[in-house]
Enquirer: 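Attaching a single structure in structure tokens format; questions to follow.
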Amino acid sequence: MNPDPHPGIHWPPGWGPDRCDSFVNHRRRTSAPADTVFAKLAAVEEWPKWQRAVDRTEIVEDLAVGSRFVVVSPPHTFDGIVGEFVPPTRFGWAAVGDQLSFYQSWLLLDDPGGGALVIFEEASRGLAALPPTGRAELTRGWLDTLPPEP
């Protein structure tokens, strides 16, 4: 985990490291190109198959900026709203739930040596927001299930 936010992350109004109760970020190199990683992230209906914290998703409409979906991650049910959708480099979404809301931002950069550099940042707030160390442990699972490191 890097304590500083990446300058290439776009935070929507009202979100960001300076407006949250907990902020985490991760970086990981993968052997897969950015478009492969992006496709996995954008397949919200598949999240329960590879993301251990997600039990169920419901897609309301095709993914685009402003589109909505539901994510069940016990004990929370979140209304998901896409904030950024720029294939194959940027995917950001807000999760709004009871006592916990967060914004996850993904920046995918092609690595000149092959594969991709994946930059993940999340700002969370609310009574159920974990301290950064606990939130970092939980969010690390998103990156651990991406294609292997080169």
Side-chain angles (χ1 to χ4, degrees), residues 1-30 32-112 115-130 132 135-136 138-147:
M1 190 171 92
N2 183 335
D4 297 319
H6 189 279
I9 296 291
H10 299 159
W11 294 102
W15 289 98
D18 59 337
R19 305 197 66 173
C20 65
D21 297 318
S22 180
F23 169 72
V24 297
N25 60 9
H26 305 284
R27 307 228 185 338
R28 178 165 180 225
R29 294 194 185 287
T30 70
D35 59 344
T36 300
V37 176
F38 187 91
K40 186 171 185 175
L41 293 172
V44 173
E45 68 280 0
E46 299 293 318
W47 289 358
K49 294 179 182 175
W50 62 271
Q51 179 38 250
R52 68 179 179 266
V54 176
D55 279 6
R56 185 171 51 88
T57 58
E58 296 173 16
I59 307 305
V60 178
E61 54 196 323
D62 289 341
L63 287 189
V65 172
S67 64
R68 300 167 117 18
F69 55 93
V70 174
V71 177
V72 177
S73 180
H76 305 284
T77 297
F78 296 105
D79 290 317
I81 304 161
V82 177
E84 188 170 33
F85 195 80
V86 182
T89 58
R90 295 178 180 276
F91 179 55
W93 66 286
V96 180
D98 186 34
Q99 297 189 13
L100 176 64
S101 295
F102 57 84
Y103 189 86
Q104 272 190 10
S105 186
W106 294 83
L107 177 60
L108 311 171
L109 304 172
D110 280 321
D111 191 332
L117 173 62
V118 179
I119 299 164
F120 167 95
E121 295 192 358
E122 182 188 276
S124 59
R125 59 181 176 228
L127 295 174
L130 297 170
R135 197 77 193 145
L138 180 68
T139 57
R140 184 71 201 177
W142 285 89
L143 276 84
D144 289 346
T145 55
L146 295 176

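Along the sequence shown, the residues carry numbers beginning at 1.
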Enquirer: Looking at T57, V82, V70, which one forms a side-chain contact (heavy atoms from CB on, under 4.5 Å) with V44?
Expert: T57
Enquirer: Rounded to the nearest 0.5 Å, what separates atom CH2 in W47 from atom CD1 in I59?
Expert: 7.5 Å
Enquirer: Start with the C-alpha distance between L100 and F78, add both sets of side-chain angles, then the distance that settles side-chain contact (heavy atoms from CB on, under 4.5 Å), and finish with yes or no.
Expert: CA-CA 9 Å; L100 176 64; F78 296 105; 3.7 Å; yes
Enquirer: Please enumerate all residues that pass side-chain contact (heavy atoms from CB on, under 4.5 Å) together with A42, with sequence neighbours excluded.
Expert: F38, L63, F85
Enquirer: Working to the nearest 0.5 Å, report the span between CG of D144 and CD of Q51.
Expert: 9.0 Å
Enquirer: About how many Å separate CZ of F91 and CG of L41, when rounded to the nearest 0.5 Å?
Expert: 6.5 Å
Enquirer: Hey, could you give me the CZ/CG distance between F120 and L146, rounded to the nearest 0.5 Å?
Expert: 10.0 Å
Enquirer: Under 3.5 Å, side chain of R125 to main-chain N/O of R19, donor-acceptor pair present?
Expert: yes
Enquirer: Evaluate the side-chain proximity of R27 to V118: yes if any heavy-atom separation is below 4.5 Å, no if none is.
Expert: no
Enquirer: Give the minimum heavy-atom separation between C20 and P17, together with the two atoms involved.
Expert: SG-O, 3.3 Å
Enquirer: Quick one: list whatever passes side-chain contact (heavy atoms from CB on, under 4.5 Å) with P74, sequence neighbours left out.
Expert: D55, V72
Enquirer: Roughly how far, to the nearest 0.5 Å, is the CD1 atom of I119 from the CD1 atom of I9?
Expert: 6.0 Å
Enquirer: Do W142 and V54 have side chains that approach each other closer than 4.5 Å (heavy atoms only, starting at C-beta)?
Expert: yes
Enquirer: Give me each pair satisfying side-chain hydrogen bond (donor to acceptor under 3.5 Å, both in side chains) with a member in residues 78-89, each pair once, sequence neighbours excluded.
Expert: H10-E84
Enquirer: Say whether, by atom type as modelled, one donor and one acceptor occur between the side chain of W15 and the main chain of S124 under 3.5 angstrom.
Expert: no
Enquirer: Identify, with sequence neighbours excluded, every residue that meets side-chain contact (heavy atoms from CB on, under 4.5 Å) alongside A94.
Expert: Y103
Enquirer: Which of parallel (below 30°), tilted (30 to 60°) and perpendicular (above 60°) describes F102 and W93?
Expert: perpendicular
Enquirer: Mind jotting down which residue pairs meet the side-chain hydrogen bond (donor to acceptor under 3.5 Å, both in side chains) criterion with at least one end in residues 58-77? Sequence neighbours excluded, please.
Expert: R56-E58
Enquirer: Considering only residues two or more places apart or on different chains, which pairs with a residue in residues 39-53 satisfy salt bridge (charged side-chain N to carboxylate O under 4.0 Å, His left out)?
Expert: E46-K49
Enquirer: Closest heavy-atom contact between G16 and W11?
Expert: CA-CD2, 3.5 Å
Enquirer: To the nearest 0.5 Å, how far apart are CZ in R90 and CG in L107?
Expert: 5.0 Å
Enquirer: Examine distances only and state if a side-chain atom of D110 and a backbone atom of P33 form a donor-acceptor pair shorter than 3.5 Å.
Expert: no
